[in-house]
Amino acid sequence: MTEAFSAPRAEVVIDLAAIRHNVALLAGKAAESGAATMAVVKGDGYGHGAVPVARAALAAGATWLGGCSLAESLALREAGITAPILSWLDTPDVDFAPGIAAGIDITASSRQELARIVKAASATGSRARVHLKIDTGLCRNGCPNYEWPALVTNAVEAAKMGVLDVVAIWSHFACADELGHPSIESQAKRFDDAYQVARDAGLSPLRHLANSAATLTRPEFHYDLVRTGIAIYGLNPVPTDDDLRPAMTFRSAVVLLKRVRSGEAVSYGQTWTAQRDTTLALVPAGYADGVPRTLSGRMSVWLDGRRRPVVGRVCMDQLVVDCGDHEPAIGAEVVLFGQGTLGEPTAREWADTLGTIDYEIVTGMYRPRVARCYVGGAWEECA
Ligand SMILES: *Cc1c(COP(=O)(O)O)cnc(C)c1O
């Protein structure tokens, strides 16, 4: 991907071979502890495209998929995917009936939610597949401890009526990416206690707790199923040396070149002034395309085999690269971030500069003006 290309002005290239590689690595770790692997594809596959990622993940050893909302989960079914799919967060006006009819696993975090599932299941005449979520210390969704025994009792009653099956109980870590954080143990302990309540009520559900970080570092908490998100995209939330390969490359191209004299200033606010005569390359990507304006003066791009600084402010639609005395071709590829193997910037580097996490960078690339294409699949559709 170094020669000139005829492609959209800003484009993310998704390497499905990298996704398959990452999923195989994670599923291998999970299998060592007897656990299955869920590929989490919420947020349109963390900005990578939920359906192509889901297919790649299933081909590489994942057997479950996770979408946050019912709509995201149904979109996977509608694409013809038959694997189990778990959804876990919807607004109170969402009708679960289409999800139940499509065999989507649905999470109940409260008795109210369970009652809505029961009602929808009764209306469709199919048994709902339910995962009961216990809040073990994240204090987000999930059922609080004080309501858990009642939620379990209601679920057992509904199961006896033939309205639903309790497929699993589950929870989510707050600090699994902080190795040795005491909350990891205490959440696992609360999880085990909640499981015991379910067992005492006569249930024998699956258990799942681990996200990517726990999958990579805490095999004792893999239970029956791990829910891996960020790591399948090749971004490692923990400082391990696992061979994860970033799947997303964000690229654009040089559209205009100009030679400017020493003393000329660049872009809005004229925040950067050339200290010598230099060649500037214009790149048609800006903050409407996912290049944060706050990276102005703090980023570089990979162009013609080396990093070159972006100078002046990042605008809505364009940015300017200082090429010194080098003259790139019009149409030369400009990599804004990629795998990092050549020395190009990475999503992690952007995140570190901005004080955020790489999850936000890649998920933020889901934008109407940014094209998305795939390599490493059964088909190649990138220019
Ligand atoms: C997003 C999410 C995951 C995946 O987390 P990663 O840190 O990306 O692996 C797992 N479980 C739940 C409930 C989630 O919301």
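Just follow the structure's listing: the first ligand is 1, and inside any ligand the first atom is 1. Quick note: numbers below take in every heavy atom, side chains included, and nothing from hydrogens, waters or symmetry partners. The structure presented is a predicted model; accordingly, all values stated were derived computationally and were not measured.
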Report yes if some N/O of Ile230 lies less than 3.5 Å from some N/O of ligand 1; otherwise report no.
yes

I'd like to know if Glu264 pairs up with Arg276 as an ion pair, taking the criterion as any Lys NZ or Arg NE/NH1/NH2 lying under 4.0 Å from an Asp or Glu carboxylate oxygen.
no

Near Trp88, which atoms of ligand 1 are under 4.0 Å from a heavy atom of that residue?
12 (C), 13 (C), 14 (C), 15 (O)

Of the options Thr107, Leu151, Val166, which is the one that meets Leu114 in a side chain to side chain contact (heavy atoms under 4.5 Å, CB included)?
Leu151

Are His208 and Tyr223 an aromatic pair by the rule of ring centers under 6.0 Å?
no

Purely on distance, is any nitrogen or oxygen of Ala213 under 3.5 Å from one on ligand 1?
no

Quick one: do Asp242 and Lys29 make a salt bridge, cutoff under 4.0 Å?
yes

What protein heavy atom sits nearest atom 7 (O) of ligand 1, and how far away is it?
Tyr359 OH, 2.6 Å

Mind checking the NZ-CG spacing from Lys133 to Asp135? Nearest 0.5 Å is all I need.
8.0 Å

What protein heavy atom is closest to atom 4 (C) of ligand 1, reported as residue, atom name and distance in Å?
Tyr46 OH, 3.4 Å

Of all the atoms in ligand 1, which lie at a distance below 4.0 Å from a heavy atom belonging to Asn211?
5 (O), 7 (O), 9 (O)

Evaluating non-hydrogen atoms only, which member of Arg227, His172, Lys42, His208 is closest to atom 15 (O) of ligand 1?
Lys42

When distances are taken from atom 13 (C) of ligand 1, the protein heavy atom at minimum range is Trp170 CZ3, 3.3 Å

Check whether Tyr195 forms a cation-pi arrangement with Arg207 (NZ or CZ under 6.0 Å from the six-membered ring centre, at most 45° off the ring normal).
yes

Result for ring-ring contact (aromatic ring centres under 6.0 Å, His included) between Trp170 and one of Trp88, Trp64, Phe191 points to Trp88

In terms of residue, atom name and distance, what is the protein heavy atom nearest to atom 9 (O) of ligand 1?
Ser212 OG, 2.5 Å

